[in-house]
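To start, the structure itself, in structure tokens.
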Amino acid sequence: MTLVLERMYDVYREYMLERRDMRSVNLPLLGSPWPLMLLLGTYLYVVLHAGPRFMAQRKAYDLRRVIRVYNLAQVLINSVLFMWIVIKIFFVYRDYNFSCQVCKYTNDFRGLEEMYLSYSYFLLKVLDLADTVFFVLRKKQSHVSFLHVYHHTLMVVGSYFGMLYVPGGHAIMLGIWNTLVHAVMYLYYFLSSYGSQYSAWWKQHLTRMQLLQFIHLAFHFGIPLFFNRECKFPRFWMGVGFLQALFILALFMDFYIKSYIVKRKKQ
């Protein structure tokens, strides 16, 4: 037992202290994994267990004003981050390599800017957890699906480890896609809260946009993983990006087929 614990500690020290990017070690939630583990553990406990029990005998909270402000804030933050990344990568530096973009672990302005952009994206994924809490407080527990909870949890965990090992580089395409999709998605949420007559049309095309996102990301990570052995971006993270893109694509495809194709045939 002692040997097992020692080995676990050695692995923890190697991967969480020695091999990580030390530039971000003093940033909130990045110095140690325990605060984030506590945050995610609390999130899962609240939205899957404590929250539904708390709301069982209560009326749904009217959070329309709060959610509208939240949605507008998400639109603004995602739009700014999307434009900032695109302008910097494609118009200022103009050196992005779609087949293999390595991370810049330097302490110069370019390296630190890319690291802080990645950190901003990580914090945004933490903020996204509020979506599920709103569902619970509004007694929309049916919306707290496996796809929803898995996706939100995965994005926080993935962006956390991305900050530790690959802050930017080839993985920055995930941030570009995700901030664009979320800016459109939260704008849809905001307009729908006022009863927009185009909600159904917008929702279907938003789902198609999400499918396109994961199809492109599967190719974005898969092509250098299988066909570019010279790429210096860590192959392990290429594989993680490729497999997760395929898995989330399958979940969204299943949702799309059930929500639009099967439902339309029944009608």
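The structure displayed is predicted, hence computed values, not measured ones.
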Q) Just how far is it from atom CG of L180 to atom CE of M83, taken to the nearest 0.5 Å? A) 11.0 Å
**Q.** Rounded distance (nearest 0.5 Å) linking atom CG of L206 with atom CG of L211
**A.** 10.0 Å
Q: For residues R68 and F190, report the shortest heavy-atom separation together with the two atoms involved.
A: O-CD1, 3.7 Å
Q.
Tell me whether R23 forms a cation-pi arrangement with Y119, defined as NZ or CZ under 6.0 Å from the six-membered ring centre and within 45 degrees of its axis.
A. no
Q: Heavy atoms only: give me the nearest F219-P224 pair and the separation to one decimal.
A: O-CD, 4.1 Å
(Q) Just so I know, are the side chains of Q74 and L124 near enough to count as touching, which here means a heavy-atom distance under 4.5 Å? (A) yes
Q. Closest heavy-atom contact between S99 and N97?
A. OG-OD1, 2.7 Å
Q | Heavy-atom pair with the smallest gap, counting every atom of M55 and V136 | A | CG-O, 3.4 Å
Q: Start with the C-alpha distance between Y70 and Y186, add both sets of side-chain angles, then the distance that settles side-chain contact (heavy atoms from CB on, under 4.5 Å), and finish with yes or no.
A: CA-CA 9 Å; Y70 170 78; Y186 283 105; 3.6 Å; yes
**Q.** Nearest heavy-atom neighbours spanning L154 and I248
**A.** CD2-CD1, 4.1 Å
**Q.** side-chain contact (heavy atoms from CB on, under 4.5 Å) between M209 and V184, worked out
**A.** CA-CA 10 Å; M209 187 178 184; V184 176; 4.1 Å; yes
Q | Side chain proximity check, M185 to N78, heavy atoms < 4.5 angstrom | A | no
Q. How are the rings of H143 and F135 set relative to one another: parallel (under 30°), tilted (30 to 60°) or perpendicular (over 60°)?
A. perpendicular
Q: May I have the step-by-step check of side-chain contact (heavy atoms from CB on, under 4.5 Å) for M163 and Y121, ending in yes or no?
A: CA-CA 10 Å; M163 279 300 305; Y121 176 76; over 6 Å; no
Q. Linking I/L/V/M/F/W/Y whenever any side-chain heavy atoms sit under 4.5 Å apart, do V126 and L48 land together?
A. yes
Q | Q101 and H220, any side-chain heavy atoms less than 4.5 Å apart | A | no
Q) Could you go step by step and tell me if V181 and N178 meet the side-chain contact (heavy atoms from CB on, under 4.5 Å) rule? A) CA-CA 5 Å; V181 170; N178 198 253; 5.7 Å; no
Q: Compute the centroid of each ring, for F247 and then for Y150, and state whether the two points are separated by less than 6.0 Å.
A: yes
Q. Atom NE2 of H151 and atom CD of Q244: how far apart are they, to the nearest 0.5 Å?
A. 10.5 Å
Q | Cluster overlap V75 with V80, hydrophobic side-chain contacts below 4.5 Å | A | no
Q. Where does the angle between the aromatic ring planes of Y61 and F54 fall among parallel (under 30°), tilted (30 to 60°) and perpendicular (over 60°)?
A. parallel
Q. Does one hydrophobic cluster hold both F227 and V102, with members joined at side-chain heavy-atom distances below 4.5 Å?
A. no
Q) Got N71 and S193 here, is their nearest side-chain heavy-atom distance under 4.5 Å? A) no
Q) Is the distance between the ring centroids of Y43 and H152 under 6.0 Å? A) no
Q | Note, I172 side chain near E114 side chain (heavy atom, < 4.5 Å) | A | yes
Q) Looking only at heavy atoms, what is the nearest atom pair of F252 and L147, with distance? A) CE1-CD1, 4.1 Å
**Q.** Nearest-0.5 Å distance, CG of residue L72 to CD1 of residue I67
**A.** 12.5 Å
**Q.** Parallel, tilted or perpendicular, as decided by the 30° and 60° cut-offs, for the rings of H170 and F221
**A.** perpendicular
**Q.** D21 side chain reached by Y165 side chain, heavy atoms, under 4.5 Å
**A.** no
(Q) Side-chain heavy atoms nearer than 4.5 Å, only ILVMFWY residues, links allowed to pass through others: does that put V166 and L243 together? (A) yes
(Q) Within the 4.5 Å heavy-atom criterion, are Y96 and M173 side-chain neighbours or not? (A) yes
Q | Test side-chain contact (heavy atoms from CB on, under 4.5 Å) applied to L29 and F122, Y160, W34, the passing residue | A | F122
Q. Relative to each other, are the rings of H216 and W177 parallel, tilted or perpendicular (30° and 60° limits)?
A. tilted
Q: Report the distance from atom CD1 of I215 to atom CG of L249, rounding to the nearest 0.5 Å.
A: 5.5 Å
Q.
In the structure I gave you, are the side-chain heavy atoms of L30 and R20 within less than 4.5 Å of one another anywhere?
A. yes
**Q.** Interatomic distance, Y188 atom OH to K203 atom NZ [nearest 0.5 angstrom]
**A.** 5.0 Å
Q: Say whether Y93 and E113, considering side chains only, have a donor N or O and an acceptor N or O under 3.5 Å apart.
A: yes
Q) Donor-acceptor pair, S24 side chain versus L27 backbone, under 3.5 Å? A) no
Q | D108/R110 ion pair, N-O < 4.0 Å | A | no
**Q.** Common cluster, L191/Y194, ILVMFWY with side-chain heavy-atom separation under 4.5 Å
**A.** yes
